[in-house]
Amino acid sequence: MTTGVPHSDGPGAQPLRSDAERNRERIIAAARTVFARDGLNASMASVAREAGVGIATMFRRFPTKEELVDAVFSDRMGAYADAVAVALDDSDPWKGFVGYIETACAMQAADSGFADVLTMAFPTAKVLEQRRNQAYEGMLRLIDRAKATGRLREDFDPSDLVLIHMANAGVVNATGEAAPDAWRRVVALLVQSLETPARGPLPAPPGHEPLYKAMLRAGRDTSTPTPGRTD
């Protein structure tokens with residue numbers, strides 16, 4: 001009899017056979033490689049090829065792309081939340097705020113898939129979204145602390161952090177290996193624009209709900225709708 005291995009995707013999940021668990025881990029490892037290189041627009045079929053498994057096996061283990069994204073990036077989102085906690089521990093709120101932005105953007109630059117994750121929303125990726133929400137609550141405190149020092153411009157809005165991630169993701173994906181450090185200049189330009197004294201007023205922020213809808217749409221656009229697709 002084959003010994004079962006606990007399957008940790010959900011509280012009611014059944015144990016997997018050891019061979020099924022090996023396939024699952026191979027798929028996750030392959031997805032890390034493919035998504036880091038190609039971003040989340042990479043197909044499930046390309047992940048299956050990298051893992052050396054059939055597309056049917058892929059969809060047995062991960063019926064939706066959101067489930068795969070959750071398995072691959074939950075730990076990265078945990079590290080992202082940790083970066084917020086480190087910034088909050090900094091005795092200099094402005095330094096902590098800037099350090100957080102630089103760290104988060106560096107994480108995007110190191111992994112095209114995670115660059116995409118920070119600009120998208122995946123409602124069924126429960127662990128990932130829980131950690132994102134944890135990070136968001138910390139970011140609100142981080143912004144308030146930085147404003148209290150007088151260093152962060154007063155009209156900075158929490159949604160501006162999402163816009164920064166979107167801008168950085170665009171630079172990372174556009175420049176790739178051709179100009180791998182271009183993002184650093186963009187981030188420096190953005191950070192300098194955030195510090196007081198402000199040179200002038202900003203247009204109104206997009207607001208939480210419209211931006212969340214945009215992130216949902218971007219997440220849906222990465223989905224692969226049918227298991228029979230081979231790309």
Side-chain angles (χ1 to χ4, degrees), residues 35-41 73 75-121 128 131-208 210-212 214-215 218:
F35 291 153
R37 181 186 66 222
D38 302 331
L40 292 191
N41 283 322
F73 290 107
D75 61 339
R76 312 284 174 90
M77 192 62 81
Y80 174 76
D82 289 344
V84 178
V86 168
L88 285 168
D89 284 341
D90 197 307
S91 59
D92 182 335
W94 172 251
K95 181 182 174 185
F97 176 77
V98 171
Y100 153 73
I101 291 177
E102 292 173 345
T103 298
C105 289
M107 292 176 71
Q108 288 184 294
D111 186 326
S112 290
F114 192 66
D116 290 339
V117 165
L118 289 185
T119 72
M120 301 174 183
L128 183 146
R131 290 175 181 172
R132 190 201 304 268
N133 290 336
Q134 175 189 345
Y136 181 75
E137 293 302 317
M139 284 189 293
L140 295 179
R141 298 196 301 275
L142 195 60
I143 291 167
D144 287 343
R145 292 174 74 241
K147 284 185 177 180
T149 66
R151 299 285 299 278
L152 177 62
R153 55 187 302 156
E154 276 298 320
D155 54 359
F156 184 85
D157 186 81
S159 64
D160 291 327
L161 283 174
V162 180
L163 297 180
I164 288 172
H165 291 328
M166 288 179 170
N168 191 53
V171 171
V172 167
N173 290 327
T175 57
E177 294 181 357
D181 291 327
W183 68 273
R184 297 182 186 277
R185 183 174 178 86
V186 173
V187 171
L189 288 167
L190 290 170
V191 166
Q192 290 179 35
S193 75
L194 301 179
E195 191 171 9
T196 57
R199 298 296 297 272
L202 294 172
H208 176 78
L211 206 51
Y212 182 66
M215 294 173 70

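No hydrogens, no waters, no symmetry mates; every other heavy atom, side chains included, goes into these values.
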Engineer: Show me the pairs that pass salt bridge (Lys or Arg N to Asp or Glu O under 4.0 Å) and involve residues 88-113, at least two apart or across chains.
Structural biologist: Arg76-Asp111
Engineer: The criterion is salt bridge (Lys or Arg N to Asp or Glu O under 4.0 Å); which residues satisfy it with Asp144, sequence neighbours excluded?
Structural biologist: none
Engineer: Could I get the full list of side-chain contact (heavy atoms from CB on, under 4.5 Å) partners for Asp38, not counting sequence neighbours?
Structural biologist: Val34, Ala42
Engineer: Considering all heavy atoms of both residues, which atom of Gly96 and which atom of Leu142 are nearest to each other, and what is their separation?
Structural biologist: C-CD1, 4.3 Å
Engineer: Which residue pairs pass the salt bridge (Lys or Arg N to Asp or Glu O under 4.0 Å) test with at least one member in residues 162-190, sequence neighbours excluded?
Structural biologist: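 Listed once each, the pairs are Asp181-Arg184.
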Engineer: With Trp94, which residues qualify under ring pair (Phe, Tyr, Trp, His ring centres under 6.0 Å), at least two apart?
Structural biologist: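 Partners of Trp94 under the ring pair (Phe, Tyr, Trp, His ring centres under 6.0 Å) test: Phe97.
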Engineer: Please, which pairs that meet ring-ring contact (aromatic ring centres under 6.0 Å, His included) have at least one residue in residues 185-207, sequence neighbours excluded?
Structural biologist: none
Engineer: Show the nearest heavy-atom pair for residues Arg145 and Ala87, with the distance to one decimal.
Structural biologist: NH1-O, 3.8 Å
Engineer: What's the shortest heavy-atom distance between Pro158 and Tyr136, and which atoms?
Structural biologist: CB-OH, 3.9 Å
Engineer: Taking side chain as C-beta onward, heavy atoms only, is Ile101 less than 4.5 Å from Leu190?
Structural biologist: no
Engineer: So which pairs with a foot in residues 190-203 pass salt bridge (Lys or Arg N to Asp or Glu O under 4.0 Å), sequence neighbours left out?
Structural biologist: Arg151-Glu195
Engineer: Looking only at heavy atoms, which two atoms of Val117 and Met77 are closest? And how far apart?
Structural biologist: CG1-CE, 3.7 Å
Engineer: Can you list the residues that meet the side-chain contact (heavy atoms from CB on, under 4.5 Å) rule with Asp82, with sequence neighbours excluded?
Structural biologist: none
Engineer: Within the distance-only criterion (no hydrogens, no angle test), does the side chain of Lys147 pair as donor or acceptor with the backbone N or O of Leu152 below 3.5 angstrom?
Structural biologist: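 Side chain of Lys147 to backbone of Leu152, a donor-acceptor pair under 3.5 Å: no, none is there.
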Engineer: How close do Thr103 and Ala83 get, heavy atom to heavy atom, and via which atoms?
Structural biologist: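 Shortest heavy-atom contact: CG2-CB, 3.9 Å.
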Engineer: Could I get the full list of side-chain contact (heavy atoms from CB on, under 4.5 Å) partners for Arg153, not counting sequence neighbours?
Structural biologist: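 Partners of Arg153 by the side-chain contact (heavy atoms from CB on, under 4.5 Å) criterion, ordered by chain and then number, come out as Asp155, Phe156, Thr196, Ala198, Leu202.
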Engineer: If the condition is side-chain contact (heavy atoms from CB on, under 4.5 Å), which residues does Ala110 pass it with, not counting sequence neighbours?
Structural biologist: none
Engineer: Of all residues at least two apart in sequence or in a different chain, which pass the side chain to side chain donor-acceptor pair (under 3.5 Å) check with Arg132?
Structural biologist: Glu129
Engineer: Identify the heavy atoms of Ser159 and Pro206 that sit nearest to each other, and give their distance.
Structural biologist: OG-CD, 3.7 Å
Engineer: In residues 160-173, what donor-acceptor pairs under 3.5 Å come from side-chain atoms, sequence neighbours left out?
Structural biologist:
| from | atom 1 | to | atom 2 | distance (Å) |
| --- | --- | --- | --- | --- |
| Asp160 | OD2 | Asp157 | N | 2.7 |
| His165 | NE2 | Tyr80 | OH | 3.0 |
| His165 | NE2 | Tyr100 | OH | 3.4 |
| Asn168 | ND2 | Cys105 | O | 3.2 |
| Asn168 | ND2 | Gln108 | OE1 | 2.9 |
| Asn173 | ND2 | Asp116 | OD1 | 3.3 |
| Asn173 | ND2 | Ala169 | O | 3.1 |

